Amino acid sequence: MTLTDDDKLAAQAAYAAATRAGDVDAVAAATEPDAVVWHNYDDAVVTAEQSARTLRWLHRTMPDVAWHDVAVLLTPEGFVWQAVVTGTAPGGPVRAHTCVVVRLSSSGKVQRTDEYLDPAALAAIAGTPVRS
């Protein structure tokens, strides 16, 4: 199946809404079971479940976390989502520019996410242990 631009936009909207809500079940529904997430800051590839644990932790650590859209750009394989993440962490306010490059499967689900951010912008949450 070839994905249309409308399919890609719908996938991005579902992924973004689930991320904003911290709804790991909705993220899982929008993601292939074998999906992976790569991080620029540690060059690590993690599973979708590991990424879900981080999302839960982020919402617990910064209950007012929010993603402010900067841009959504469609690509032949999926989309690029640029946003600014804000919130109040135990160490103070957070404002981090992020960019994710998402590749979708032929069924329109997230297959791979390449996540780009500056870890220095997250210093206020550094040292807070990630727990499920």
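Since the model is a prediction, treat every value here as computed from it, not as a measurement.
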Legend entry - Shared hydrophobic cluster for Y41 and V102 (ILVMFWY, side-chain gaps under 4.5 Å): yes
Legend entry - H97 NE2 to T86 OG1 distance, which is reported to the nearest 0.5 Å: 10.5 Å
Inset, instruction - Tell me whether V37 is reachable from V24 by hopping between hydrophobic residues (I, L, V, M, F, W, Y) whose side-chain heavy atoms are closer than 4.5 Å. - result: no
Legend entry - Heavy-atom side-chain proximity of D64 to M62 below 4.5 angstrom: yes
Inset, instruction - Identify which one of T98, L122, T19 satisfies the side chain to side chain contact (heavy atoms under 4.5 Å, CB included) criterion when paired with V85. - result: T98
Inset, instruction - Taking the side chain as every heavy atom from C-beta outward, state whether E77 and L3 have any atom pair closer than 4.5 Å. - result: no
Legend entry - Side-chain (D118) to main-chain (A96) donor-acceptor, under 3.5 angstrom: no
Legend entry - Of all pairs that satisfy side-chain hydrogen bond (donor to acceptor under 3.5 Å, both in side chains), the ones with a partner from residues 23-33, not counting sequence neighbours: E32-S105, E32-S107
Legend entry - Test item: R103 and D114 side chains (from C-beta on) under 4.5 Å apart, heavy atoms: yes
Legend entry - Nearest heavy-atom neighbours spanning P76 and K8: O-NZ, 3.3 Å
Inset, instruction - Indicate if L9 and L73 have the same hydrophobic cluster label, given that clusters are the connected sets of ILVMFWY residues with side-chain heavy-atom separations under 4.5 angstrom. - result: no
Legend entry - Student check: side-chain heavy atoms of V27 and L55 closer than 4.5 Å: yes
Inset, instruction - Evaluate the side-chain proximity of R95 to V84: yes if any heavy-atom separation is below 4.5 Å, no if none is. - result: yes
Inset, instruction - Kindly determine whether F79 and L104 satisfy side-chain contact (heavy atoms from CB on, under 4.5 Å), including the steps that lead there. - result: CA-CA 8 Å; F79 59 87; L104 299 171; 4.0 Å; yes
Legend entry - D43 side chain reached by W38 side chain, heavy atoms, under 4.5 Å: yes
Legend entry - Pairwise distance CG(D5) to OG1(T75) - rounded to 0.5 angstrom: 10.0 Å
Legend entry - Minimum heavy-atom distance between V94 and A121, given as atom pair plus value: CG1-O, 3.8 Å
Inset, instruction - Decide yes or no for V80 and Y116: does some side-chain heavy atom of the first lie under 4.5 Å from some side-chain heavy atom of the second? - result: no
Legend entry - Path from V100 to V46 over hydrophobic side-chain contacts below 4.5 Å: no
Inset, instruction - Grab the two heavy atoms, one from P119 and one from L117, that are nearest each other, plus how far apart they are. - result: CD-O, 3.4 Å
Inset, instruction - Identify the two heavy atoms, one from T2 and one from D7, that lie closest to each other, and give their separation to 0.1 Å. - result: O-OD2, 4.2 Å
Legend entry - Y15 side, atom OH; K109 side, atom NZ - distance, nearest 0.5 Å: 14.5 Å
Legend entry - Rounded distance [0.5 Å steps], CH2 in W81 versus OG1 in T113: 10.0 Å
Inset, instruction - Check whether any side-chain heavy atom of P90 lies under 4.5 Å from a side-chain heavy atom of T61, and answer yes or no. - result: yes
Inset, instruction - Of all the heavy-atom pairs spanning G108 and A11, show the shortest one and how long it is. - result: O-CB, 3.5 Å
Inset, instruction - Give the cluster check for V101 versus V72: same hydrophobic cluster or not, with ILVMFWY residues linked at side-chain heavy-atom distances below 4.5 Å. - result: no
